[in-house]
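Reading through the structure tokens given below for one structure.
Indexing begins at 1, ligand by ligand and atom by atom, following the structure's order. For reference, positions follow the sequence shown, starting with 1.
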Amino acid sequence: MCGIVGAVAQRDVAAILIAGLKQLEYRGYDSAGLAIISADKQLHCLRRVGKVEKLQQAVIESPVFGGTGIAHTRWATHGIANETNAHPHISHQQIAVVHNGIIENHQQLRQQLIEQGYTFSSETDTEVITHLTHFHLQTTETLLEAVQKTIKQLQGAYGTVIIDKNDPEQMIVARSGSPLVIGYGLGEHFVASDPLALLAVTRRFSFLEEGDIAQISRFSVKIFDAQGDPVKRDIVESQTSNESNDKGQYKHYMLKEIFEQPLALQRTLAGRIQQHKIAPDCFPNEKLQGIEHIQIIACGTSYHAALVARYWFESLAGISCNVEIASEFRYRKSVTPKNSLLITLSQSGETADTLAALRLAKQLDYQTTLTICNSPESSLVRESDIAYMMKAGREVGVASSKAFTVQLAALLMLVATLGRQHQLSADREKQIVEALQSLPAKIEQVLAMEQQIKQLAEGFADKHHSLFLGRGEQYPIAMEGALKLKEISYIHAEAYAAGELKHGPLALVDADMPVIVVAPDNELLEKLKSNVEEVRARGGLMIVFADKNSGFKSDDTMQVLEVPHCDPIIAPIVYTIPLQLLSYHVALIKGTDVDQPRNLAKSVTVE
Ligand code: F6R
């Protein structure tokens with residue numbers, strides 16, 4: 001997490017830094033700050049609690065001039081979100097540092113530095129980098145050497161940029177575990193956590209690799225690898241479109257992104273279907289020959305998509321499939337069955353745990369690795385053997401919406417592709433393809449339910465707890481519905497497989513605990529109905545999103561919202577939409593910050 005931007009230029013860079021930070025707010029928005037070296041070699045630092053807008057206002061009120069500067073938007077790890085903990089951190093009014101990541105041995109380093117006479121003004125782990133660099137600078141000739149010595153002492157993850165007011169023509173950047181990209185301009189250079197931050201000033205980038213340190217001045221970029229040897233990193237032209245990023249007619253990005261789903265699905269399907277089949281070049285068949293087992297790794301919403309896919313892989317394709325949360329997988333010893341495919345799912349492609357899990361898997365016996373990802377220039381895409389680009393378009397709202405449904409469509413295409421080598425018949429593939437093709441129109445129909453869902457939300461917003469129920473592949477959809485509700489409305493929500501209710505959670509059910517049920521017309525419908533009766537018998541109030549043929553009817557204990565009938569194969573995708581809209585409208589009534597909910601960030605680049 002945390003977003004970093006840096007620049008060395010002849011022009012004033014404050015506006016470039018602020019514009020860059022605005023693009024990086026998805027990485028954190030607790031506080032923001034910048035430090036700029038002015039022409040008279042003074043270090044000017046401004047920090048504000050809250051979003052980048054506050055910092056921008058501060059810069060308007062007290063302009064800062066200078067061509068070398070660094071900036072940061074924070075997602076707090078060590079120390080609360082206040083001004084003293086905001087970056088940049090400064091040592092002796094000389095060294096300024098921004099950092100993304102976690103320095104795990106910061107306490108030990110802090111103690112050593114205190115013994116050397118350094119005073120700490122923040123609770124952050126980052127401040128040790130600042131003082132340590134200052135400390136080494138007393139015995140080294142250059143800032144580069146001081147940073148190299150500092151880095152050797154750090155344990156943990158960092159993407160960091162360091163400037164020295166006495167050496168204003170350069171910045172030193174270092175990466176281990178947290179991404180950094182160098183942007184190449186004419187007579188000016190930049191650095192950022194994500195190329196997105198720099199698209200307004202350049203489209204030429206090189207991505208630093210693990211352990212790299214770079215010395216960046218206006219006219220040169222020198223990169224050294226983990227051993228300290230000079231290296232070249234390719235300069236590539238960014239493929240990311242600098243698409244306008246406004247909310248259009250919508251009040252929030254999240255609502256815009258919910259309504260963009262038909263288009264996002266059309267984009268992901270375009271060119272990938274040929275004559276009732278998934279096109280041969282959708283996934284490179286030669287690398288996937290002989291796959292007998294699948295392991296999917298992901299976090300959060302992406303993990304829920306993986307859980308749905310497990311049902312599909314096993315029931316449609318006849319391929320065994322395990323799903324695991326990345327932060328668990330990466331720290332346990334697992335057995336890799338023969339001929340296994342490792343799949344990572346990620347909107348951002350930079351989720352630290354998912355990336356670490358991929359790197360671990362590469363040392364295990366996987367036949368190949370595939371990522372389904374929405375960010376073409378991300379670490380997951382660069383490091384996986386095969387990359388499926390989701391083409392969902394940029395997702396700005398912190399709560400994932402369109403990325404989830406597009407991930408599901410991509411997974412269904414993979415199920416069909418791999419299923420051909422197993423039990424999937426041509427007829428069944430045709431059925432999957434037709435179901436996928438019907439999705440955009442089907443989702444349009446569900447989006448038209450918005451007004452009904454809005455009314456429903458009114459009876460919901462004063463509740464403190466809720467339960468989401470589903471069976472089969474709708475169980476992960478219930479999990480996703482609960483996650484959406486809790487993250488944007490702050491209402492406690494839990495999801496259960498409906499059959500599990502009587503094993504404990506039924507004790508929670510009363511009139512103050514709304515129970516949300518997803519009930520498509522599938523072979524588990526009758527079982528689900530029995531579970532619904534169990535809730536009704538305990539005085540529970542239910543909201544049921546049900547197929548119009550399901551037989552559910554509204555009464556005193558149950559509000560039924562009819563969802564258009566769809567092929568059960570795509571029902572998980574279709575039933576996601578009303579749950580997204582419900583969360584959105586509950587959050588709207590509660591007045592929370594829908595697009596940037598408290599304590600969260602869009603790209604989780606720390607573990
Ligand atoms: C929830 C949400 C998160 C992400 C998770 C993984 O709405 O957005 O749970 O799904 O942090 O992120 P990616 O998909 O970027 O790896």
Are Arg27 and Glu350 ion-paired here, with the side-chain N under 4.0 Å from a carboxylate O?
no
Would you call Arg233 and Glu209 a salt bridge, taking side-chain N to carboxylate O under 4.0 Å as the test?
yes
Looking at side-chain heavy atoms only, is the closest gap between Val574 and Val446 below 4.5 Å?
yes
Are the side chains of Glu500 and Tyr475 in contact, using a 4.5 Å heavy-atom criterion?
no
Could you tell me whether the side chain of Leu199 reaches within less than 4.5 Å of the side chain of Phe205, counting heavy atoms only?
yes
Students should find this: residues with any non-hydrogen atom under 4.0 Å from ligand 1. What is the answer?
Cys299, Gly300, Thr301, Ser302, Ser346, Gln347, Ser348, Thr351, Val398, Ala399, Ser400, Leu483, Lys484, Glu487, Val604
Do Arg175 and Phe207 come within less than 4.5 Å of each other through their side chains, counting heavy atoms only?
no
